[in-house]
Amino acid sequence: MISLTNLILVFLIGSIVSYLLTKANKILGSIFNFLLISYALYVVWNIKVGHEEVLFRILRDVERTLKVTNLGKYFAIVSLIVISFVAFFIIEWIRKKDIKPAAFNSFLLLMVSGILGVFFSNDLLTLYIFWEIAVLGSFLIVPMGKKESKRAAIIYVVTSAIGSYMYLFATFSIYQRYGILSFEQVSQYLANDSSNLFKWFVILFIASAGIAKSGIFPLHTWLRITHGNAPDAFSAVLSGQLVKMGSYVLAIALSVFPTTQLFSSFYHGVPLLNYVLIWLGNISILIGTFMAIRQNDMKQLIAFSSIANGGYILVGLGIMNSIGYAGGLFHVFNHAIAAAMIFLSFAAVVYRTGTTKIDEMGGLIWRMPWTFVTYLVGIISLAGIPPTSGFISKWMIFSSLVSKGMFITLAITFIGSVGSFLYVFRPLAGVFLGQLKRKHSDVKEVPIIMLVPMLLFVILTILIGVYPKPVLDSIVSIENEVGIKAIEHSGTIIKTPLGQWNTLTVFTMFSVGFIIAAILYMIFPKGKKVDLTDQYTGGEYLYNYDLYHYATGFYRFIERLYDKHPSFEKLYEKLVSFFRYIGYFTYKLVYKTSPSGYVFWITIVILILFWVRW
Amino acid sequence: MTVLRVIAVLLTGFFVGLTLEGIARKIMARVQRRYGPPWYQNFIDVFKALSKRGISHGWIFDFGILMALGGVIATLAFVPLGDLVAFPGLDNIFIIVYLFAVGALGMAMGMVGSGNPNASIGVARALTQMLGYEVPYLVAIAGVLYYYKTSSVSGLMMAQQDTWTLFKMPIGGIVAFISLLGMLGKKPFDTPIAPAEIASGPMVELSAKYMGLLMLMHTFSIFVEISLFVDIFLGISNYLTFLLKFTVVWIIATLISAVLPRFRIEQVVKFYWKVPLSLAFVQVLFVLLGWVF
Amino acid sequence: MSALLIIIPLLAGFLFIPFKEKAKYILPLVVITTLIILLLLSPDQTNAMGGWKAPFGIVLVLDSASYYSLLVVNIVFLLISLMPQIVEKGYSVVLLILLASTNGLVLTGDIFNSFVFLEITAVAAYIIAFSRKNPYGAFKYLILGGISGAFYLLGAIYAYIGTGSLNFADISVNIKEGFLPIVALLIFIGIGVESKIFPLAGWVPDVYDSGSPLTPVILGTGVTFTIMYLFGRIFITVFHGYFLDVVFIFGLLTIVLGELAALRQNKLIKALAFSSIAQAGLVLSTISLGGYEAIKFGYFHLLNDISAKLVLFIIAATIAHNFTENKIAGVSFSIASFSLIGFPLFAGFRSKLLILQLAFSKDNYLLPAVVLFATVIEAAYILKWNIKLWHSTNTGEEKQKISWNVNLILLIVALLIIFIGIFPDLYLKMAQNIADGLTNYRAYVTNVLGGM
Amino acid sequence: MVYYIAFILIGVGIYGFLTQKNLFKHLVSLTIVDTAVNIFIISLGYIEGKEAPIYSKYTPIANFVDPLPQALVLTAIVIGVGTLALGASLLIKVYEKYGTLDVEQIATKEAEE
Amino acid sequence: MSTNERSIWEKIADQLRSKSLWMLHYCTGCGAIELPPSMTSRFDMERFGMGPMATPRQADILFITGYLSAKTLRRVIYTYEQMPEPKYVIGFGSCTLNGGIYYDSYATINRLDYYIPVDLYIAGCMPRPEALLEAFNELMRMIRKGEANGWKRYKENYEWYKQNQLRSLGEVFIHDEFHE
């Protein structure tokens with residue numbers, strides 16, 4: 001069992017090896033990738049908590065350590081599951097795609113090494129270093145997607161840079177004030193620090209890295225472009241896993257530095273800082289949901305849903321009582337799996353049809369049934385409908401919000417969850433169901449290698465939905481480690497002060513209902529199978545059934561209600577053009593003028609200095 | 001023991017549901033000054049539909065119907081009818097509301113699977129309407145949960161020792177009833193199944209057997225919605241008083257729907273998010289401040 | 001003995017004027033000889049020119065600071081001389097003269113002598129700036145350089161009036177009180193133009209964009225380092241850090257407005273010119289924080305910046321379109337740009353981190369905020385160029401292929417950047433020595449004036 | 001007293017820079033500034049009633065004005081001439097390229113590129 | 001199996017089918033106006049369990065209320081084939097019987113029976129609602145007796161019907177320049 005530092009080094013060297021291997025043969029390189037990542041998953045799976053390692057040394061007196069905590073281990077396992085499944089998917093996917101395969105594989109490994117470091121770093125600076133490596137790795141892959149992804153990569157890096165540099169600013173002010181950086185010491189010093197303002201400043205700035213990365217309200221505009229245009233398989237990693245790094249930092253900012261003890265309770269035991277963060281989460285749920293309903297590009301639609309689910313996780317983590325926190329953490333797992341599953345099914349659809357616009361497709365279920373099944377179970381989990389695991393986390397967040405009596409947040413989370421029925425159904429109806437376009441009539445199902453990870457995801461979601469014990473156990477261990485009263489659950493029954501329910505009975509009752517319906521279905525005479533073009537058309541003869549498909553402007557009647565919605569992307573673009581204008585102004589004034597301009601500036605400087613000095 | 005209770009619940013759902021639908025058609029006819037069909041007409045319709053040889057649009061069409069009926073049967077099993085509770089500890093309000101979504105999603109998926117655009121438009125309208133009525137309903141219910149500090153439906157029923165929740169939180173009751181009308185899909189809010197505009201919406205391609213199964217699902221879902229309302233708002237009731245209250249609520253709903261024309265879909269969402277949602281927030285504010293009768 | 005460092009390049013320069021073309025092959029030899037001489041010399045010694053003792057005659061001081069600066073400058077010149085492709089037809093002679101004047105500038109201990117060497121460097125820079133059909137930019141640079149030279153001379157003369165002699169050590173010891181502000185102001189103007197301070201450095205973008213790869217490379221790296229050393233020598237050793245708070249303000253202005261101006265550029269070389277302005281501003285404001293640590297980290301960042309700029313300018317000037325053909329150049333370009341922004345595994349990250357930690361320890365919250373804001377903007381436009389070069393679809397019309405030796409050198413420098421990123425103590429030791437030399441002016445005075 | 005003349009000349013030079021449009025005139029004002037600085041340097045060394053610092057048989061006793069500024073001025077003048085010559089050659093090239101020496105026209109021509 | 005022995009299930013099913021007939025009325029010509037009075041309070045059709053249905057998929061009876069031109073006949077045939085099994089057709093008014101007042105027009109068809117099997121005709125140049133209700137009861141009786149098996153006839157001699165249709169319409173599905 002190699003130590004963590006060696007694992008990270010293996011990945012750094014591995015990225016060069018995989019570059020050369022993929023140069024030789026695409027498939028070999030991706031297989032190597034997959035084996036390496038699943039080995040990392042194996043190592044991380046049975047690494048024991050509390051294991052510490054000393055790393056290199058940057059600032060003189062503060063040494064860097066990697067420490068395995070429950071929280072880090074949970075996040076690492078979730079991320080590595082997602083990445084290993086996607087790596088398996090890439091083995092086949094990379095053959096056809098026109099991206100640079102060698103660079104893609106090597107940067108993927110570089111990113112994974114960054115991710116491993118982030119989840120196991122024991123102090124703020126090591127976390128920053130590995131965070132930047134992960135950002136660098138993912139930045140190099142994003143521009144390989146569509147034309148628009150070039151601009152998306154820039155917006156992605158700038159937003160995450162804003163977040164991580166505020167985080168760095170906070171790290172250094174802590175280091176300057178206390179001289180230490182590791183999490184336990186910092187939380188102790190923060191606990192008995194007097195100035196409230198400093199505590200607010202530190203926690204908000206550290207959380208800002210999480211806000212930037214998981215697409216919460218102020219810094220959410222990059223998600224649409226980046227997820228929408230990144231290479232298809234990579235957007236599964238991007239939204240399934242990279243967004244979770246943001247949630248990890250939010251979890252640290254909220255629970256490892258225990259905000260409940262640091263600040264006085266503002267509303268029913270929720271401190272004011274948490275309340276502010278919860279409201280940021282609320283706004284991003286609203287933005288994510290309402291914008292997702294409008295999208296016609298399926299990948300951008302799911303990108304907006306990642307914003308909404310990022311908001312869910314923040315609301316869950318922000319409540320800080322045993323149920324809410326557990327709900328937030330469980331939702332990290334659910335959203336990672338569901339988003340990865342959905343993006344993989346989209347990658348499969350794009351692999352075959354080449355387009356991501358919903359209204360250019362239709363009726364793909366008749367040609368790609370297994371992709372449809374993956375997408376179906378994915379949206380059932382994403383929308384939080386009982387038999388799958390998505391519902392458990394939403395249920396926890398709801399019951400904790402009700403017990404805390406935060407009704408506006410509750411209403412917004414309801415809007416988010418019911419809204420998610422709407423926007424997940426749009427690709428289902430537009431892409432998979434309805435009339436099959438003639439140009440897609442010869443589309444075949446995706447090769448087996450791509451199907452295996454998708455179906456494994458399906459089994460995983462339903463398994464955890466019915467038997468959530470493994471995930472709940474790790475959450476209980478996290479909650480004990482972080483000092484929150486752990487939720488009590490026994491196997492499939494989840495108990496809360498408000499009420500309890502049993503995932504197993506729900507599933508059995510659902511299957512019993514299904515069997516009753518099937519029996520009724522069998523008894524009565526069998527329906528005659530009719531092909532797709534035999535429809536009730538009000539007696540009219542239709543010749544081009546491609547047009548007989550309802551997908552463009554699927555929810556046009558609601559979209560019309562909020563057509564004039566405030567767009568933050570335009571706001572940020574105006575900001576950037578304002579900065580650019582200042583640059584242009586100085587360039588024109590100082591650098592591009594005639595010699596007399598230069599002399600003018602020299603005299604100005606002399607006069608100012610004269611005036612200042614005497 | 002639970003199997004017997006579940007069967008009892010399903011059978012009550014089936015028989016009481018269909019008879020009440022027949023009675024509703026009779027009341028509707030009486031309102032329009034005509035005799036109207038016998039009370040057992042719905043039984044005949046269901047069995048006639050089941051006995052015919054219809055057409056199917058592929059495996060997703062059948063799977064959708066089965067998932068719909070299976071989901072609603074599962075939801076019904078969890079709903080306590082007065083003191084008849086199939087799963088005593090496990091009837092959580094959120095489970096019932098979201099398990100109901102399985103049925104809705106199953107039906108939606110099946111219908112759109114048929115490939116007819118009328119069905120897709122109908123389903124899009126149904127989901128939007130759901131977005132409309134679900135939010136005020138859940139906020140009002142959350143107010144009740146917060147007040148009684150329990151989220152199990154039978155617990156809520158038992159908690160109404162002295163007065164009914166309807167009188168304790170009248171505004172919450174009104175909001176829940178308006179959302180109930182939306183849920184039932186009766187006249188003012190039956191935009192998804194508008195026969196005149198989109199040829200009975202999602203049901204456009206449903207032929208014989210599937211139509212029968214869907215009518216069963218419709219009855220069960222009505223039964224679930226109203227029994228939820230009765231359990232939470234209309235005080236403690238054993239099995240018989242429960243059915244009595246059930247019929248009273250059902251008759252009031254039919255009377256309202258007999259006389260009102262149909263909303264347009266934007267009006268439905270706008271109406272639900274203007275009047276009931278603000279009322280729900282007022283009610284919740286009262287609960288927070290403790291002004292409960 | 002240390003005078004040889006100036007004489008040899010000067011002589012070689014004048015000897016090879018008649019056959020300019022062949023001078024290209026003599027340049028590396030000359031630079032290697034100067035390097036060998038430098039390595040033979042021991043760091044702390046002073047040589048009086050023409051036997052005149054310190055306060056009267058011109059003195060060449062070779063203490064630890066000037067020793068290591070010479071080392072850096074000569075290495076930069078060596079690297080450039082090893083790449084004959086980028087040197088224009090007859091320009092190696094000019095390079096020789098430039099080498100002589102930069103060595104002189106570093107060594108000299110006399111203020112007027114530093115003016116003379118500054119002017120020679122400036123003239124050589126004007127000629128290089130004019131290398132390929134960019135007369136207007138070169139002319140503007142000449143005008144600006146002329147004016148700043150005049151002010152520098154005025155400052156030197158005022159220093160002479162104030163202390164009676166022209167020697168740095170003498171000035172630092174007994175300059176009359178009233179004269180220091182005027183002298184500091186005038187010399188600040190003189191050096192400000194060369195060290196790219198915000199309002200004074202109008203010439204930088206036009207000159208760097210002169211078309212030939214030689215101009216930005218030599219001006220951006222070698223000359224910038226010498227000027228920064230001179231800045232350190234004068235403002236820290238001679239004026240004991242008197243004028244530094246003003247320089248701090250100007251430094252911050254340079255960083256912010258330099259970066260913002262770069263956002264708008266659509267030519268890579270101009271953007272990199274602005275980036276070098278901003279980095280120079282950053283070095284100046286770090287140095288002007290005051291104290292031994294500040295100077296050390298300032299020069300450490302300068303070293304990182306120079307190594308990155310060397311790679312960036314060469315590639316930007318030679319092949320400014322996609323990297324699909326010459327991948328190695330592309331890789332080294334990306335490594336250099338990542339180190340400029342400050343991604344973890346690269347040298348830039350170390351120096352930025354140390355600067356931030358230093359600024360915080362001095363309770364100065366303004367500099368980190370400005371640095372981080374500038375880095376965000378820098379990340380935006382440099383990465384935009386990175387992507388544009390890696391992923392540009394137009395298969396470049398002129399298939400300009402970089403020759404192997406340029407590629408090799410670039411790769412070596414890029415790997416050096418990564419090496420420094422992981423084990424920074426090579427550059428750190430150099431910066432430490434320079435900082436030692438500059439700060440303890442007592443040792444400097446005793447060394448020069450012989451404990452008079 | 002001579003300082004004031006020097007500083008006035010510097011003012012004239014800088015005024016020349018700020019107002020003139022023609023590039024050649026900029027070169028002229030550059031030389032004005034240089035000569036002004038040189039005059040200033042020379043005026044420093046003057047001591048009342050002393051002679052020019054030239055050793056010869058006519059001046060046996062060293063009754064000289066301060067020689068150092070004069071030495072400095074020599075190099076300063078040479079440097080001024082060097083820059084002037086380079087500036088003039090650059091101006092020829094500018095004229096060849098832009099066909100004019102007027103600052104505005106050059107700016108418009110450059111803007112077109 | 002022949003038209004009238006029916007298994008026990010068929011008998012029960014026919015009982016139920018007769019009690020709840022869903023009607024898709026194809027309103028052409030002047031017959032359509034007779035339906036609203038038969039549904040509303042005076043002649044309440046719902047008493048017999050009958051109600052109008054929007055789609056042929058759910059309809060039992062296809063109720064053709066007037067003359068049929070070549071173009072509308074195509075739609076009738078297309079709709080008829082979309083209806084699920086045990087389906088019944090009622091010809092309403094003399095136009096469906098023998099062409100009525102348009103018997104000699106080039107556009108309309110004279111006997112509906114040639115093209116689709118008609119179980120029941122209602123004579124009269126637009127019969128009154130009472131006749132309509134009488135016809136419905138008659139149809140219910142026929143279903144209970146098992147005599148109303150037009151759909152079986154259609155299935156058994158399908159070629160004869162198809163041949164009649166093609167002879168008069170040319171061909172059901174038109175491919176011309178209007179429809180690409």
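Proteins come first, then strands; the chains are lettered A, B, ... in the order of their sequence lines, and each starts at number 1. All values derive from a computational prediction rather than experimental measurement. Just so it is clear, the values below take in all heavy atoms, side chains as well, and ignore hydrogens, waters and symmetry mates.
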Margin query: Is A/K147 in contact with chain C via its backbone, its side chain, both, or neither, using a 4.5 Å heavy-atom distance?
Written below: neither
Between [atom1] on residue [X] and [atom2] on residue [Y], distance to nearest 0.5 Å:
{"X": "A/I608", "Y": "C/L185", "atom1": "CD1", "atom2": "CG", "value": "11.0 Å"}
{"X": "A/L609", "Y": "C/I249", "atom1": "CG", "atom2": "CD1", "value": "11.0 Å"}
{"X": "C/L383", "Y": "A/K150", "atom1": "CG", "atom2": "NZ", "value": "14.5 Å"}

Let's test your reading of the structure: which of [options] forms the most heavy-atom pairs below 4.5 Å with chain A?
{"options": "C/I387, C/L356, C/L263", "answer": "C/I387"}
{"options": "C/V204, C/L144, C/V246", "answer": "C/L144"}
{"options": "C/W203, C/F139, C/F274, C/Y141", "answer": "C/F274"}
{"options": "C/L260, C/I341, C/V256", "answer": "C/L260"}
{"options": "C/V376, C/L186, C/I197, C/I143", "answer": "C/V376"}

[X] portion near chain A, given a 4.5 angstrom heavy-atom threshold:
{"X": "C/A369", "result": "both"}
{"X": "C/E259", "result": "neither"}
{"X": "C/K327", "result": "side chain"}
{"X": "C/F423", "result": "neither"}
{"X": "C/I422", "result": "neither"}
{"X": "C/D425", "result": "neither"}
{"X": "C/I277", "result": "side chain"}

Check: With a 4.5 Å limit on heavy-atom distance, are the side chains of A/E132 and C/F349 in contact?
Finding: no
Please report the shortest heavy-atom distance between [X] and [Y], naming the atom on each side.
{"X": "C/R264", "Y": "A/Y584", "result": "NE-CD1, 3.4 Å"}
{"X": "A/T586", "Y": "C/A261", "result": "OG1-CB, 4.0 Å"}
{"X": "A/K592", "Y": "C/D206", "result": "NZ-OD1, 4.0 Å"}
{"X": "A/Q176", "Y": "C/Y365", "result": "OE1-OH, 3.3 Å"}
{"X": "C/A201", "Y": "A/Y591", "result": "O-CE2, 3.0 Å"}

Taking atom [atom1] as the centre, does [X] end up with more than 12 heavy-atom neighbours from other residues, nucleotides or ligands that are less than 6.0 angstrom away?
{"X": "A/F585", "atom1": "CZ", "answer": "no"}
{"X": "A/Y572", "atom1": "OH", "answer": "yes"}
{"X": "C/L411", "atom1": "CG", "answer": "yes"}

Note to self: Test side chain to side chain contact (heavy atoms under 4.5 Å, CB included) on C/H391 and A/M144; report intermediate values, then the result.
What the structure shows: CA-CA 8 Å; C/H391 292 286; A/M144 294 182 189; 4.1 Å; yes
Note to self: Does the plane of the ring in C/F360 sit parallel, tilted or perpendicular to the ring in A/F172? Use 30° and 60° as the thresholds.
What the structure shows: parallel
Using a cut-off of under 4.5 Å on heavy-atom pairs, state which of [options] scores highest against chain C.
{"options": "A/V158, A/V605, A/I582", "result": "A/V605"}
{"options": "A/V590, A/L136, A/I162", "result": "A/L136"}
{"options": "A/S594, A/G597, A/S173", "result": "A/S173"}
{"options": "A/Y581, A/F579, A/F169", "result": "A/F169"}

Next item on the list: Go through A/Y598 and C/I147 one step at a time and tell me if the side chain to side chain contact (heavy atoms under 4.5 Å, CB included) criterion holds.
Entry: CA-CA 10 Å; A/Y598 295 147; C/I147 294 277; over 6 Å; no
Note to self: Walk me through whether C/F188 and A/I606 qualify under side chain to side chain contact (heavy atoms under 4.5 Å, CB included).
What the structure shows: CA-CA 10 Å; C/F188 170 70; A/I606 293 175; over 6 Å; no
Next item on the list: Flag the pair A/Y165 / C/F373 as yes when their ring centroid distance falls below 6.0 Å, and as no otherwise.
Entry: no
Next item on the list: Please step through side chain to side chain contact (heavy atoms under 4.5 Å, CB included) for the pair A/L140 and C/F338, ending with a clear verdict.
Entry: CA-CA 11 Å; A/L140 293 169; C/F338 293 150; 3.7 Å; yes
